[in-house]
Every structure is written in C-alpha cells, then in structure tokens.
Amino acid sequence: MTHPTPLPTATASTPEAIPVTNPLRAPEDYRLPRIAGPSVLVIFGVTGDLSRKKLMPAVYDLANRGLLPPGFGLVGFARREWDAQDFAQVVHDAVKQHARTEFKEEVWQQLLEGIRFVRGEFDDDEAFDRLHQTLRELDESRGTGGNHAFYLSIPPDNFETVVSQLKRHGMAEDRQGHWNRVIIEKPFGHDLTSARQLNAVVSQVFPPESVFRIDHYLGKETVQNMLAFRFANQMFEPIWNNNYVSNVQITMAESIGIGGRAGYYDGIGAARDVIQNHLLQLLALTAMEEPNSFEAAQLRAEKQKVLAATRPPADIAAHTARGQYLAGWQGGKQVNGYLDEDGIAPDSITETYAAIRVEIDNRRWAGVPFYLRAAKRMPRRVTEVALQFKPAPHLPFTAAQTAGLGVNSLEMRIQPDEGITMRFGAKVPSTQMEIRDVSMDFNYGGSFTETSPEAYERLILDVLLGDPPLFPLQQEVDLSWQILDPILENWESSGKPEGYAPGTWGPASADAMIGRDGFTWRRP
Ligand SMILES: NC(=O)c1ccc[n+]([C@@H]2O[C@H](COP(=O)([O-])OP(=O)(O)OC[C@H]3O[C@@H](n4cnc5c(N)ncnc54)[C@H](OP(=O)(O)O)[C@@H]3O)[C@@H](O)[C@H]2O)c1
C-alpha cells in the first residue's frame with residue numbers, strides 16, 4: 001500500500017520502532033513518549049454511553065498529549081441517520097464535555113480531518129462494504145498505513161455478527177506489515193460456558209494476539225502502581241504473606257443505584273458486573289508472585305497461576321452474602337428501592353450487593369481469607385485493596401494502654417482519592433503510655449505534579465501500539481468464571497437476596513459472614 005503523504009513521525013513511531021513498551025520501563029527509555037503508529041480506530045456503538053463519556057474523549061486526550069500520529073483516523077459506525085458533519089459534532093460535544101485535557105482548536109482541527117462516519121446496521125453487507133471503502137480512503141488520504149483497530153462498544157450479543165462481517169468483508173486479516181485488531185469490552189460472557197462460546201466466535205476471526213479484552217481497571221494508574229509498590233520496594237514484600245497478613249479485603253463500593261441501566265444490570269448483578277473482572281484482577285495483582293519481567297507473557301502467567309490457585313468457598317451459604325437495596329433516604333434524598341427502579345421486574349433476584357470469601361491454595365496465602373465485595377447504594381464511592389495484619393504476638397502494655405489500638409493495615413485506594421495509607425499504633429503525646437491508631441498517607445495529588453491519564457487513554461494507546469500486558473487473556477476470563485460459577489448457581493436457587501437500607505454498608509448476612517472468621521468489614 002502506498003502513502004501519498006508520508007508524515008514525519010510515522011516511520012519513527014511505528015510499533016516496531018518502540019523498543020520497550022511495558023508498564024515498568026527500563027530506565028534508559030522511560031522519557032520516550034510512546035506514540036502510536038499510523039492507524040484508524042473504528043468504534044461500533046458510537047452513540048452509546050461508553051463511547052461518548054470515555055472513548056471519544058480519550059482519543060482527543062491522546063491527540064492533545066501528542067501521542068497520536070498525524071496519520072490517524074477515527075471512524076464511527078452507527079445506525080443513526082447522520083452524515084459526517086453530524087458525527088463530527090457528536091465527537092466535538094463529547095470531547096468538550098468529557099475530555100480530561102484542555103480543548104485546543106488546533107488539536108481538534110487536526111483530529112477532525114481524520115474523522116469519518118459510516119451509517120448502517122450490523123447485519124447490513126453494504127454498510128460493511130462502505131466501511132471497508134472508508135478505511136481504504138483513510139489509508140490513502142491520511143496515511144493511516146492499513147492498520148485498523150475495531151472497538152466493539154456494543155452489547156455482546158452483537159459481537160458474532162460484527163466480527164463475522166469484518167471477516168466476510170476482508171477487514172480481519174493482517175496483511176504484510178499491516179494489522180487488524182479487535183477490542184472487546186467486559187462482560188466477557190455471563191458464565192464459563194457463554195464466555196467460552198463468545199471466545200470461540202471471536203477467535204474464529206481474529207488470532208489471539210489481535211484480540212484486546214478491556215478490563216479498564218488495568219488501565220488505571222493506581223492499579224499499575226500496585227506492581228510498582230510491590231516489586232520496586234524492599235520493605236513490603238517480606239510481610240506480604242500469611243505470616244503477617246490476617247485477611248485481605250477488596251472493595252468496590254458505589255454510592256449510586258443502577259440509574260437508567262436496568263436493561264444491562266438486571267439479571268447480571270454485582271458479582272458478574274464487577275467481581276468477575278475488576279475485583280478478581282485486583283486479587284490477582286495483590287496475590288501473584290513476582291513476574292520475571294513485565295512483558296505480557298510473564299505478567300499473564302503469574303496472574304493465571306494465582307487465579308488457578310484461588311478456590312471458591314466450600315460452604316457457599318456461610319461464606320458469601322448478597323443483598324438488594326431497599327427504598328429509603330440517602331444523602332438527604334429519598335431514593336427508590338432496586339425493585340422500584342424503572343425496568344426492574346418486581347420479583348427480580350438480581351443482587352446489588354455481593355460479597356464472597358475465597359482462599360488461595362499456595363504457600364504464600366494458605367489460611368488467609370480474601371474477601372471481595374461489590375455493591376451499590378453504599379455510604380460512599382470507593383474502590384480499595386486493604387491488607388489487614390495479624391496482631392503483634394506480644395504486647396508489653398496494659399489493656400487500657402492499647403484500648404485505642406486497632407488493626408495494622410495497608411490500604412491501596414484505587415479510586416477516588418488515589419493513594420496508599422498505612423495504619424498503625426503510635427503513642428499519644430502525654431506523660432502516660434497510651435497507644436492510638438494513626439495513619440500515614442501517600443496521595444497522588446500531593447506527590448506528583450502530573451495528573452493521571454484516564455484508563456481508556458492508556459488502553460487505547462496500548463491497542464494501537466500492539467502492547468498486550470494490560471489486557472487479560474481468555475484463560476484469565478475462564479479462571480475467573482470457574483471461581484464465580486458455583487457461587488452464582490447457588491444464589492440462583494436461593495431465592496430473594498436480603499434487603500439493605502440505602503447509604504449503609506450492606507446486609508446483616510455480610511457482617512455475619514466475615515464475623516464467622518473473627519474479622520469485621522472495613523468502613524472505608
Ligand atoms: N458504559 C460503561 O461505562 C461500560 C463500562 C464497561 C463496559 N461496558 C460495555 O461496553 C459496551 C457498550 O456499553 P454502553 O454503556 O456504551 O452501551 P449503550 O449505551 O447501551 O450503547 C450500545 C451501543 O450499541 C449500539 N447498538 C446496540 N444494538 C445495536 C444494533 N442491533 N445495531 C446497531 N447498533 C446497536 C447502540 O446504538 P443505538 O444508539 O443506535 O441504539 C449504542 O451505540 C457494552 O458491551 C457494555 O457492557 C460499558
């Protein structure tokens with residue numbers, strides 16, 4: 001393929017020209033910006049929530065940071081009666097409203113030159129011919145190099161139709177020096193069987209190295225920092241095991257209800273929505289052994305190893321809990337119960353609170369329970385991983401002196417207030433010995449001048465670079481479902497979840513569940 005206007009950075013910035021592209025860089029190249037090579041991003045489902053709030057703004061932010069090449073194209077595919085200008089206006093509005101970085105007219109104008117729109121239904125052959133034609137035109141006019149990434153930001157039941165169309169219309173195969181990649185969003189199925197079916201469909205068309213599964217938590221700076229924190233320092237790893245850690249609590253709490261997402265959420269619930277993907281990925285990063293390097297193969301191998309050693313509870317009734325939020329008051333406002341939300345069946349048994357206890361069968365973690373909980377209508381929004389430590393084996397103090405001493409803990413806050421807190425006892429200043437809990441904080445805002453990029457910026461850039469470490473493999477997806485499936489089957493035959501008041505930390509059964517082990521939930 002010829003490029004009439006080869007652009008200055010295109011050659012130097014092809015993926016092949018980037019020497020090392022992994023989360024922790026070699027010291028000699030960490031200052032080099034990782035700039036994508038010539039390429040086109042095609043978004044299916046461009047009218048959707050994800051595309052408007054995250055994907056289109058992330059593309060602009062990358063352009064604004066100088067990380068997209070001049071030879072870049074953005075194609076929207078949707079069934080709306082739009083022309084190219086209508087679509088450009090939609091992108092413009094999304095960028096203005098949701099982009100992280102400042103709006104600059106010159107950046108927008110350059111992006112605009114590569115924006116195209118293709119109207120059509122997913123089963124419309126002519127629309128896919130038009131898409132192919134549009135890609136050829138961009139490759140010629142913008143020098144996008146025949147490299148195309150197809151983002152399926154659509155309901156998963158449409159994946160098969162779209163990937164089959166891409167194959168049928170000749171847009172799936174890599175040709176000499178040019179690539180075609182597909183990006184799929186969670187949920188990756190709703191159980192092990194459907195996840196495997198979904199994968200079979202995608203892998204008939206795209207080889208494994210061309211499939212990028214997005215779990216956007218892995219694109220977060222705070223999640224990647226877990227690797228830096230654990231493996232770049234000497235002082236934490238010696239205590240990162242069952243000699244010192246009593247339990248680990250991984251929490252994803254949202255203060256909102258399901259909003260307008262009934263169609264998506266009902267029948268899915270908290271465990272499938274976030275425990276299967278985000279929370280089990282956080283568990284893997286917390287518990288895995290040190291990888292030989294941060295190249296994709298090594299990182300994924302360690303994550304798989306620890307997920308394979310993670311086992312669901314034998315007594316599911318005793319070691320899991322689920323709930324559904326009730327109507328009530330939260331933050332001074334009256335809110336609906338889950339069953340009163342628009343579009344929810346009055347007899348729905350979908351859980352909006354899920355807590356599970358798992359154990360990891362290996363030398364490092366034997367005997368340490370990992371508690372994972374995800375819920376809506378909690379008192380506050382927070383995602384964190386907290387390691388709680390065993391008490392000191394001996395306290396040379398009286399009980400009164402240590403009455404204010406809590407549990408030593410280390411808390412990695414993924415969002416918001418991104419940072420790390422350590423909690424330990426310290427002497428209260430006085431003439432007496434009295435010990436009380438204090439905390440020591442690291443927070444991103446106070447320590448770095450750079451603001452963190454959005455997860456989708458990092459992940460879209462990595463797809464365009466062909467850099468795979470932050471994308472889970474199908475094996476990880478399968479292992480996660482193997483942990484969750486027995487729990488979900490049990491829940492489906494266990495009737496209604498327990499109600500909990502909005503703005504509280506969940507149902508009483510969740511407290512009972514962790515209480516059986518002698519622990520209590522953190523109230524972050
Ligand atoms: N929203 C999030 O924050 C989020 C987070 C993680 C993962 N995801 C996943 O990302 C994907 C997109 O999510 P979303 O929230 O953006 O969904 P959404 O708001 O429901 O949007 C779905 C998109 O798919 C299009 N679509 C649906 N059926 C179609 C059909 N038969 N033919 C053509 N287009 C069709 C819709 O087009 P119309 O406008 O024409 O209907 C819309 O553009 C889903 O798989 C979701 O599970 C979303």
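Just follow the structure's listing: the first ligand is 1, and inside any ligand the first atom is 1.
- Atom 21 (O) of ligand 1 has its nearest heavy-atom neighbour, among Gly76, Gly48, Pro187, in Gly48.
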Return all side-chain donor-acceptor pairs below 3.5 angstrom for residues 498-505, not counting sequence neighbours, or 'none' if the list is empty.
| unit_1 | atom_1 | unit_2 | atom_2 | d |
| --- | --- | --- | --- | --- |
| Glu498 | OE1 | Ser509 | N | 3.2 |
| Glu498 | OE1 | Ser509 | OG | 2.6 |
| Glu498 | OE2 | Ala508 | N | 3.2 |
| Tyr500 | OH | Thr352 | O | 3.3 |
| Tyr500 | OH | Thr352 | OG1 | 2.8 |
| Tyr500 | OH | Lys376 | O | 2.7 |
| Thr504 | OG1 | Ala501 | O | 2.6 |

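- Which of Leu50, Ile184, Thr47, Ile154 comes nearest to atom 48 (C) of ligand 1 through a heavy atom is settled by distance: it is Leu50.
- Side-chain atoms of Arg168 and Gln165 include a donor-acceptor pair closer than 3.5 Å.
- Closest heavy-atom approach to atom 12 (C) of ligand 1 within the set Ala127, Gly45, Ser153: this belongs to Ser153.
- Other residues, nucleotides and ligands place no more than 12 heavy atoms under 6.0 Å from the CD atom of Gln85.
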Which is it for Arg130 and Glu121 under the salt bridge (charged side-chain N to carboxylate O under 4.0 Å, His left out) test, yes or no, and what are the steps along the way? CA-CA 12 Å; Arg130 286 198 297 276; Glu121 301 272 344; over 6 Å; no
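- Distance check on atom 17 (O) of ligand 1: every protein heavy atom falls at or beyond the 4.0 Å cut-off.
- Under the 6.0 Å distance and 45° angle rule, Lys186 does not count as a cation-pi partner of Phe188.
- Here the shortest heavy-atom distance to atom 22 (C) of ligand 1, taken over Gly260, Pro155, Ser51, Pro156, belongs to Pro155.
- Contacts of His216 with ligand 1, taken as heavy-atom pairs under 4.0 Å, are absent altogether.
- Residue contacts with ligand 1 do not include Phe44, since none of its heavy atoms lies under 4.0 Å from the ligand.
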